[in-house]
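The structure appears below as C-alpha cells.
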Amino acid sequence: MFRFRVHVLSALLIAAFGLVLGRLAQLQLVRHEVYLAARAHQTRPQVEARAPKRGSILDRDGQVLAADVPSFDLAVRADKLPFERVTLNEIRDARRQARNPDELARAFSALEARLAGEAWTRSLAARIGRAPEELAQGLLRALDRVARGWERATTPVPFASGIDAAVWNALRAAQEDAFFAQAAQGVPAAASVAAPVREETASPYFAGLSCLTSVRRAYPHGTFLAHVLGTLGELHPDQLEQLRARGVLLDRLEDRERIWSETLGAWPAEHRRQAAGLLGTDPATLSVPALLAVLRGLDDPGRRAARALGLGDALRWSDAPPRVALGEAERFWLGEELTQSLRRTAPAALPDTRIGESGVEAWHNQLLRGESGLSFRLDGLEESQRALHRDIAPRQGSNLRLTISSAWQRAAEEALASQSHPGAVVVLDCRSGEVLALASGPSFDPNLFAPPREGAPRQAALKALLEDARLPLLNRASAGQYPLGSVMKALVAAAALELGQLDPHAGLSCPGHVDEGGRRFHCDGRRPHGLVDLDQALRRSCNVYFYRLGAQVGAEALGRFAYAVGLGRRTELDLPGEAGGAYPDAAWRARHLPGQSWSRGKDFLTAIGQGYVSATPLQAAALMACLANGGRPVTPRLWADAPAEAPAAPVFSARTAALVRQGLDEAVNVGTPGAMGTAYKAFHQGVAPLPVRVAGKTGTADVTDEQPPHAWFAGYAPAHALQVAFCVFVEHGGHGGEVAAPLAYRMLRTVYGGGR
Amino acid sequence: MNQVWQTTTHRAAPVSARWLEHLVRLDWFLLGCVALIVALGTAFIASAGGSGASIGWGLLLRHCAYVALGLAAFAAVQRVDYLVLLRWSPVLYVVLLGLLVAVLFTRPINGARSWFNLYVVNLQPSELMKPVLVLAVAHYLMYRESYKRLSGLLIPLGLFLVPMALILRQPDLGTAMVLVPIAFAMLYAAGAKKTDLALVNLAGIAGMVGMWYWVMKPYQQRRILAWLDPEQYRHHEAWQLLQSEIAIGSGGLWGTGWSSAHANAQRFLPEKHTDFIFAVIAEEGGFLMAGLLLLLFLLLALAGLRIARRVREPAGRLIAVGVSVLIAGQALINAGVALGLLPTTGLTLPLVSYGGSSLISSFLCLGLLANVGAKQEVVLAGEDFR
C-alpha cells in the first residue's frame with residue numbers, strides 16, 4: 001500500500017517535471033526565434049522629468065523683482081570620480097556611525113578636508129578660481145545626496161554653481177577635447193586622474209565632471225522688497241513626509257480629510273450644533289472640498305465665528321492654496337504610480353526641488369512653481385507600447401504680479417534707511433487695501449538664500465544674518481507686534497462717535513492727569529491741555545480726554561470695532577508669518593490672563609494703545625485706510641491678480657469718519673501756538689511744503705523705562721482724496737511726532753515731489 | 001573502578017568506525033544530484049551577481065559561505081539519530097511557531113515581515129519551519145490510524161495550517177503555498193483516503209476563493225491577474241514575468257553563454273539572483289543546462305522516494321516523502337513561475353538561489369533525508385507484513 005502510493009507520487013512528479021520541461025522546450029526551442037526578436041527590440045523606456053519654469057515676480061507696473069536666470073554649473077557623476085568608492089562608503093559610514101549631529105559634522109569636515117586635498121579637486125579649483133575647500137564642501141554635499149539615495153551615481157549632480165561663463169565654456173571645451181583625445185588613444189577615460197594628457201600645456205581631464213547649465217533665482221534689486229519677496233529653499237526628498245505631517249504639503253486629499261475628521265471627532269456636541277448653524281448643514285456630512293467651498297462663502301462675522309469654532313486650519317486652506325500641491329506627473333514620479341519598469345532609471349528627487357521658504361515666494365509657491373512634466377525616451381518601442389507612455393507636459397509657473405508700487409516702496413525704504421533704528425513702513429491703497437509698499441528695516445539680500453547655498457562666503461553671510469541682533473530677517477511691517485500708542489485714539493474716537501456716546505464739540509478740561517484706583521494717569525509731558533474737544537484732543541493727543549472716553553465706551557465695545565477694522569487679529573494679508581497683534585477683549589483675557597480682574601485703569605491704558613494692546617504697522621495702516629475711505633475696513637493684499645472680493649460693509653458711518661478725519665487733519669496741519677498739532681512741525685516747520693495735504697496721528701508707545709519709546713505715525717494722503725493710507729513705525733525711535741512723522745514727510749516728498 | 005572503565009570501553013564501538021559505516025550507507029546517488037545542482041547554481045550565481053561581463057565576487061563569496069554553512073548543517077544532522085530529532089520535533093515545532101509569531105513584530109524588509117535581522121545574516125523562520133514541519137507531521141502520523149477517517153485529518157492538517165496562516169500574515173504567499181503539496185503528499189503516503197483528501201482539496205479551493213477576497217493584498221491579486229493577462233499589466237506586475245519569458249526564450253538550445261553581458265535577464269530582470277535565477281540559467285545555459293537542472297531535481301526527488309520505499313520505519317519513510325516532495329515541489333513552482341506557468345510568488349529555487357536561510361533549510365531537509373536513508377535498524381512497519 002505505502003509503496004504503491006509512493007510509486008503514484010513518483011509518477012506524479014515525473015509528469016509535473018515533464019510538463020515544465022515541455023514548457024521550457026516550447027519557449028526555448030519552438031518559439032526561440034520569436035523571443036530572440038523580442039529581446040532585440042528590448043529597450044528600457046527612459047523617463048525624464050521636465051522641470052517647470054518658475055514664474056517671475058513683478059511689481060504692479062510689470063517691473064521684474066525676482067526671476068530665474070541661467071547659471072553655469074559643474075556637476076559630478078559619482079561613479080566616474082577617481083575616488084568615488086571610498087568617499088561614498090565613507091559618507092555612508094559617517095552617517096551610520098555618528099550618534100549626534102556634532103559627530104556627524106566632525107566626520108563631514110574631516111571628509112571635506114580629504115576631498116579638498118585630492119588632486120582632482122585642487123586642480124579643478126585652480127582652474128575655476130575658487131578655493132579647494134569651497135569646492136570640496138559642494139562636492140561632499142553632492143556625494144552625500146548620492147550616498148543617501150536621493151540621486152543616482154550615474155546622473156550628474158551639481159556641486160558648484162555660478163561659474164563665470166567664459167571659464168565654464170573653456171572648461172567644457174577642454175573636457176570634451178581631452179575625452180576624445182583619450183578615447184582616440186584607447187586610454188580608458190576613468191583611469192586618468194586629473195593628470196595631464198601628454199604635455200604640460202594640455203588641459204587635464206577631470207573624470208566624472210560635467211558642465212551643465214541650470215537656473216538660479218535672482219533678485220536684481222538686492223535688498224529691495226526683500227521681506228515681501230521672501231526666500232527660496234530646497235526641498236529634500238525625505239522632507240516631503242515631514243511637510244505632509246506638518247500640513248504644509250497637503251497634496252493628498254486624504255491628509256486633509258484626516259485632519260478634518262480628527263477635528264470633528266474632538267468636538268463636543270454643542271460645538272457641532274453651532275457649526276451646523278454657521279455652515280448651514282451638519283459638518284459631519286461635509287467632505288473637505290465642500291467644507292472649503294462653504295467657508296469661502298462666509299462673511300466676516302461668519303469667518304470670525306468659524307475661527308472661534310476651531311476651523312482656523314480649514315479657513316487657511318480655503319484662503320491660501322497649499323504651499324506645494326503635486327501635479328499628476330509629480331505624484332507619478334514620487335509615488336506608487338511609478339511603474340516597476342521605470343523605477344530603476346528614474347532619479348529619486350523631483351526635478352525642481354526649490355520651494356518658497358518665506359514671503360510671497362512661499363505663499364504663492366504653487367502658482368509660481370508650476371508642475372513638472374514627464375517625457376519618455378521610447379527608441380525602439382513598438383507603437384502599442386508607446387501608447388502606454390504618455391508624455392505629460394510641464395505646466396509652467398505663472399508670473400506673480402504684486403500690488404507693490406516700486407516708487408512707493410523705494411521711497412519707504414529710503415525713508416527708513418535715513419535713520420539708524422529698525423522700523424517699518426506700510427503704504428496701502430485706502431479703498432482696495434492693495435499694499436503699495438511694505439518695508440522693514442534693516443533688510444537682507446534674498447539672493448544669499450537662493451539655492452544652492454554652497455560656498456563658504458555665502459554660508460558666513462547667512463550665519464551673520466541669522467545671528468544679527470537687529471533681526472534683519474524679521475518682517476517688522478507684518479510680523480512684528482508693538483504697543484500701538486496714541487494711534488489707537490483715532491479708533492476710540494470713531495467707536496465712541498459711532499455708538500452715539502460722544503458729542504464731538506463738548507469740551508473737557510484736562511488738568512494734565514487723572515487719578516484712578518490709587519494711581520495717577522498722566523498726559524504726555526504732564527502739562528494740562530486745558531479745555532479740549534474732540535478735534536483738539538486728537539490734534540494734541542490728549543490722554544485724559546481718551547482715558548475718560550475709553551472708560552465710557554468700555555474695552556469690550558471698543559473691541560468689536562477694533563476687530564472689525566483689523567486689530568487683534570490677522571488682517572489676512574497673503575504673506576506667511578503675519579502676526580495678529582493683541583486686543584484685550586473678554587475672549588483674549590480669558591486665554592491670556594485667566595483669573596485676573598479688569599479695572600477702569602486698564603480701560604484707560606487700552607484707550608491710548610498701551611497696556612495689553614499691540615499691533616503690527618500693517619494693522620495701523622489698515623485702521624487709517626478704513627477711516628480715510630469713509631468707514632469701510634480693508635483687507636490688505638499683495639497679489640494684484642487675486643480674484644476680486646466684494647467690498648466689506650462699512651463699520652463707521654460717513655459722519656463718524658469725517659469727524660475723526662477732521663481731528664487727524666488738524667494734528668498735521670494746525671500750527672496754532674500753544675495748541676499745535678503733534679505732527680505739525682514735521683510737515684510745516686523748516687521743510688518745503690508738500691503738494692498734497694496730509695492727515696495722520698502720531699503715537700509714542702512706552703515700552704520700558706530704560707529704552708526710548710516706539711515712534712508711530714499713521715495717516716493718509718491726500719487728506720481730501722481717496723488715495724493712500726500709510727504707517728511709519730520706528731522701533732525705540734522716540735517721540736512719534738519727532739521721529740516717525742519726519743520719515744513720513746520724507747517718503748511723501750519723494751513720491752509727490754515738493755519744495756517747488 | 002577499573003572494572004567499570006573496561007566495560008564502557010568495551011561496549012562503545014569506535015566513533016570513526018561508526019562514521020565510516022554511516023558514510024558507506026549514505027545514498028551517494030542522491031548526494032551526487034545535490035552536488036551537481038549546487039555546483040551549477042553557484043556558477044550562475046556568479047554570473048547573475050555581476051554587472052555586465054564581470055563576476056559578482058562579493059555575492060559569489062557570500063553564496064559559497066552559505067553553501068559551506070549548509071554543508072555543515074547537513075553534516076551535523078548526520079551525527080544525530082533522526083529518531084532523537086523526531087522525539088524533539090514537537091518542541092522544535094512550538095519554538096518555530098513562536099519565532100513565526102515574533103517575526104510579525106519586526107520592522108518590514110521589502111514590505112514583508114519575514115526576516116530577523118541578525119546583522120550577519122537575515123534569518124527567515126519560515127524557511128526553518130519546513131524541515132521542522134516535516135519532522136513534526138511525521139512524528140504525529142507515525143503510529144496512528146486515525147487519519148484514515150476524515151475527522152482524523154483535522155489535527156495533521158492543523159499542523160500545516162497554523163504555520164501557513166502565520167506565513168501568510170508576513171505576507172509570503174509563496175512559502176505558504178509550497179507547504180500544500182507536502183501536506184497532501186505526506187497524508188496520501190501515510191494512507192489517508194483519496195476521497196477524504198479530495199474533500200479537503202475542495203475545502204482548500206473554497207478557502208483560496210475566500211482568501212482572494214479577505215486575505216490577499218491588492219498587489220497579490222494584481223500578480224495573479226497579471227499572470228492571467230500579461231499584456232494588460234506589462235509595465236507593472238507582469239514586467240518580471242515578461243522579462244523572464246523573453247530571457248528564457250532567447251536562450252535557445254545552447255544559451256547565450258555564461259555571464260554574457262547582453263543577456264536579457266542581466267539587464268532587465270529584477271531579483272535575478274534569487275527568485276529568477278532559473279531564467280538566468282535558462283538564458284545563459286540554454287535548454288541543455290536548464291533541462292539538465294530540472295532533470296537533476298527530478299532524479300533527486302526520485303532518489304528520495306526510493307529511500308521512502310526502502311525504509312521500513314514509519315516516521316522515516318514519511319520524512320523521506322515529505323522532503324522529496326518539498327524540494328521537487330519548490331523547484332517546480334519556481335521554474336513554473338519563471339516560465340509563466342504560475343503567478344509570481346517570490347519563492348527561491350532550492351539549493352540554487354542566493355540566500356542563507358533558504359540554502360541552510362534545504363541542506364537541513366536533505367540531511368534528514370540522507371540520515372533516514374542511511375539508518376540501518378529495520379523496524380517492522382505494519383502494512384507490508386500484513
Side-chain angles (χ1 to χ4, degrees), chain A residues 1-45 47 79 153-154 336-345 376 378 381-382 384-390, chain B residues 185 188-191 231 234-237 239-240 242-243 245-253 255-256 262-264 267-268 270 278 282-283 286-287 290-291 294-295 297-298 301-302 305-306 308-310 314 317-318 320-321 324-325 328-329 331-332 335-336 338-341 381 383-384 386:
Chain A
M1 179 72 177
F2 180 80
R3 284 184 168 190
F4 171 72
R5 288 192 167 200
V6 173
H7 276 302
V8 171
L9 283 177
S10 307
L12 281 176
L13 278 182
I14 291 172
F17 272 96
L19 180 71
V20 171
L21 264 173
R23 170 73 175 172
L24 188 67
Q26 184 200 11
L27 292 188
Q28 296 204 290
L29 305 181
V30 181
R31 292 167 61 185
H32 174 53
E33 300 297 323
V34 179
Y35 283 113
L36 214 52
R39 189 183 73 170
H41 266 296
Q42 282 270 73
T43 21
R44 188 189 286 283
V47 60
D79 64 334
T154 50
E336 293 297 307
E337 287 92 342
L338 198 60
T339 56
Q340 202 166 11
S341 60
L342 296 176
R343 194 176 286 284
R344 310 199 126 205
T345 51
F376 295 92
L378 303 169
L381 284 195
E382 289 159 26
S384 62
Q385 295 182 337
R386 285 170 185 268
L388 289 166
H389 296 104
R390 198 165 41 82
Chain B
Y188 173 71
E231 275 304 314
R234 71 174 298 144
H235 288 286
H236 300 258
E237 287 73 17
W239 170 260
Q240 272 180 319
L242 286 173
Q243 293 309 324
E245 274 184 36
I246 292 176
I248 295 173
S250 51
L253 179 62
T256 58
H262 295 289
N264 197 68
R267 289 188 299 158
F268 297 111
F278 185 77
E283 181 176 26
F287 183 75
L294 287 177
L295 198 66
F297 271 111
L298 178 60
L302 293 181
L305 290 177
R306 192 180 62 183
R309 287 202 310 276
R310 218 175 46 206
R317 59 192 202 179
L318 281 178
V321 168
S324 308
V325 172
L332 278 171
L339 288 165
L341 288 172
E383 214 160 80
D384 290 317
R386 202 174 281 162

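Not measured: the values here are computed from a predicted model.
The residue among B:G191, B:A290, B:G249 with the most heavy atom pairs within less than 4.5 Å of chain A is B:G249. Looking only at heavy-atom pairs under 4.5 Å with chain B, the residue among A:L24, A:L19, A:L27, A:V30 that has the most is A:L24. Counting heavy-atom pairs under 4.5 Å between each of B:A282, B:G291, B:A335 and chain A puts B:A282 at the top.
Between the CG atom in B:L298 and the CG atom in A:L21 there is a gap of 8.0 Å [rounded to 0.5 Å]. With rounding to the nearest 0.5 Å, the separation of CD in B:E245 from CZ in A:R31 is 7.0 Å. A:Q26 CD to A:H32 NE2: the interatomic distance, rounded to the nearest 0.5 Å, is 14.5 Å.
Using a 4.5 Å cut-off between heavy atoms, B:I248 contacts chain A through both its backbone and its side chain. When heavy atoms are compared at a cutoff of 4.5 Å, A:I14 approaches chain B by way of both its backbone and its side chain. Heavy-atom distances place the side chain of A:L29, and not its backbone, under 4.5 Å from chain B.
The heavy-atom pair separating B:A301 from B:A328 by the smallest distance is CB-CB, 3.6 Å. Minimum heavy-atom separation, B:F287 to A:Q28: CA-OE1, 3.0 Å.
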